[in-house]
Amino acid sequence: MQILTTAAALHAYTETARRAGQRVGLVPTMGALHDGHLQLVQAARAQCNVVVASIFVNPTQFNNAEDFRLYPRVPEADAALLAPAGCTALFTPSVEEMYPRPTVLRFDFGDLERVMEGAHRPGHFNGVATVVSKLFHMARPHQAFFGQKDWQQVAIIRQLVADLSFDLEIVTCPTIREADGLAMSSRNCRLDAPARAVAPLLHQVLEAAAAQVRQGVPPAQVKAAADATLAAEPLLTPEYVEVADAETLQPLDVYAPGRAVVLCLAAHLGGVRLIDNVVVE
Ligand code: PAF
């Protein structure tokens with residue numbers, strides 16, 4: 001596995017592959033890799049000849065300086081996991097390499113970002129769209145792979161690709177969960193034992209809500225029941241629970257026939273912010 005640290009080296013690597021007729025897959029990450037990331041790499045390797053994973057804790061997408069400071073960084077352990085999963089090159093740029101000068105461009109994704117993560121983390125999706133656009137330009141992948149756990153992020157990136165005519169395909173891979181249902185996340189390693197014991201409740205709440213959606217329980221009742229269960233757990237501080245259209249992400253008053261529903265939540269648990277979602281087709 002090659003280690004690349006500059007945009008020029010990444011560009012040269014992927015252009016050489018392209019000229020040789022090879023397909024290029026990109027797996028953007030912020031490191032502290034877990035099985036969810038490794039499955040993205042494996043999915044990429046199944047469809048592409050070369051797979052670039054990027055590890056870059058992107059400062060522009062953190063609206064909370066403490067969250068940025070505490071974000072786990074384990075570069076050696078990450079590098080050791082990537083090659084066996086099928087990664088052929090690791091891109092680990094510095095902040096100066098990605099942002100040689102402060103960016104002034106501002107993205108506005110309209111209603112897609114006025115809800116959930118966008119509403120609760122001002123500027124977050126501007127930072128995501130900025131860094132993902134840079135990575136797409138630098139790597140020019142045929143396909144880029146993202147996890148379903150960040151459902152709204154994937155919707156934003158799909159919009160970005162469509163609006164800016166990036167010539168690539170976005171592939172979404174399923175959320176990978178621990179045996180007790182907790183969605184894998186780089187932040188999970190920051191949960192202490194009591195918080196870790198409570199954490200599976202998030203997925204349990206989503207599964208109970210999904211069962212209600214399948215039974216046709218109105219969205220407001222589904223949301224109220226989920227809110228009440230989360231509020232009853234003293235270690236949890238819920239941020240939001242939404243019953244939304246899976247594509248537009250707009251909160252639902254009623255279900256529309258034939259349209260998928262996404263149930264999303266965010267909560268603080270022992271000082272760690274966690275998100276999760278379940279889609280009901
Ligand atoms: O999902 C993430 O890890 C990040 O938001 C991403 C897509 C790598 C951009 O920094």
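As the structure lists them, so they are numbered: ligands from 1, and atoms in each ligand from 1.
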For this session: Please state which part of I157 comes within less than 4.0 Å of ligand 1, counting heavy atoms only: side chain, backbone, both or neither.
Result: neither

Exercise. If you measure from the Lys or Arg side-chain nitrogens to the Asp or Glu carboxylate oxygens, is any gap between R177 and D276 under 4.0 Å?
Worked result: yes

Seminar exercise, completed: When rounded to the nearest 0.5 Å, the distance separating CD1 of I170 from CD1 of I157 is 6.0 Å

Seminar exercise, completed: Counting from 1 in the order shown, the ligand 1 atoms closer than 4.0 Å to a non-hydrogen atom of V131 are 9 (C), 10 (O)

Exercise. What atoms in ligand 1 come closer than 4.0 Å to a heavy atom of P28?
Worked result: 8 (C)

Problem set entry | Side chain to side chain, V280 and L263, heavy atoms closer than 4.5 Å | yes

Exercise. What class does the angle between the rings of H120 and Y240 fall in, given that below 30° is parallel, 30 to 60° is tilted and above 60° is perpendicular?
Worked result: tilted

Exercise. Between F62 and Y71, how do the two ring planes meet: parallel, tilted or perpendicular, split at 30° and 60°?
Worked result: perpendicular

Exercise. When only distance counts, is T29 in polar contact with ligand 1, meaning an N/O pair under 3.5 Å?
Worked result: no

Problem set entry | Close N or O approach (Q61, ligand 1; < 3.5 Å) | yes

For this session: Considering heavy atoms of the protein only, find what lies nearest to atom 1 (O) of ligand 1 and give residue, atom and distance to 0.1 Å.
Result: Q153 NE2, 2.8 Å

